Amino acid sequence: MNKIAIFASGTGSNAEKIIQYFNSHSSVAVDLVVSNRKNAGVLKMAEANGVDTLIIERSSFYGSTNILNTFKERDISYLILAGFLWLIPEKLIERFPKKIINIHPALLPAYGGKGMYGMNVHKAVFNAKEKESGISIHFVNAHYDEGELIFQAKCPIHSSDTPATIAAKVLQLEHQHFAEVIERVIADQ
Ligand code: GRF
């Protein structure tokens, strides 16, 4: 069984789709939801779905091997970032080569990097009068949003669109594709 830990800092709508998709899956299981915010919606959602949760804080996440020990004890082999706002430390990237996957709500390499998350992304795309946006799913390296691309999907932007309507279209693409892309990456390794 390939066991996954999902990292999220917010609502966790992507995490919920992934949990539902792999519920009673033959070879992939969501084992843990990790968050850096103790009152994040994703934690309540995970508990409601019977998935264990772990709250992390900066000093241990970056300064100790606790998280590595937890993943080893739980036999977790893939890390999925679904709206996680902290940079992943080198020790995790070394331990999980090509096994840490992130989703970004824009067509990388454009509109990525530090500070480019959530509505910041959609406002920048809107202000630039882009004709399309979309999602990027990529392997994670030591820099925000710069790892090898795995998958992208696009949505058109019309003159009537606003940052909020762009966000809604992009989120719908995320919900449509993320779990299946994770499944394919695992199946191909
Ligand atoms: C999504 O927009 C995703 O692209 C970004 O963080 C957001 C997560 O949303 N990485 P949710 O918490 O899954 O609803």
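Read the numbers this way: they start at 1 and go in the same order the structure lists the ligands and their atoms. Nothing here was measured: the structure is a model prediction, and the numbers come from that model.
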Flag for Asn141-Glu146: side-chain donor and acceptor within less than 3.5 Å: no
Donor-acceptor pair between Ser9 and Asn36 side chains, under 3.5 angstrom: yes
Protein contact of atom 13 (O) of ligand 1 - nearest heavy atom, named by residue and atom, plus distance: Asn14 N, 2.8 Å
Residue and atom name of the nearest protein heavy atom (relative to atom 10 (N) of ligand 1), distance in Å to one decimal: Ile103 O, 3.0 Å
Could you tell me, atom by atom, which parts of ligand 1 come under 4.0 Å of a heavy atom of [X]?
X: Gly83; answer: 5 (C), 6 (O), 8 (C), 10 (N)
X: Glu174; answer: 1 (C), 2 (O), 3 (C), 4 (O)
X: Ser13; answer: 11 (P), 12 (O), 13 (O), 14 (O)
X: Thr11; answer: 12 (O), 14 (O)

Electrostatic pair Glu148:Lys98 at N-O distance under 4.0 angstrom: yes
Non-hydrogen atoms of Ala106 and Ser136 that approach each other most closely: O-OG, 2.5 Å
Using a 3.5 Å cut-off on N or O atoms only, is [X] in polar contact with ligand 1?
X: Gly12; answer: yes
X: His104; answer: no
X: Leu171; answer: no

Non-neighbouring partners of His143 that pass side chain to side chain donor-acceptor pair (under 3.5 Å), sequence neighbours left out: none
Proximity flag Ala8 to ligand 1, non-hydrogen atoms under 4.0 Å: no
Remaining members of hydrophobic cluster (4.5 Å side-chain criterion), Tyr117: Leu85
Side-chain donor/acceptor of Asp145 to backbone N/O of Gly113, under 3.5 Å: yes
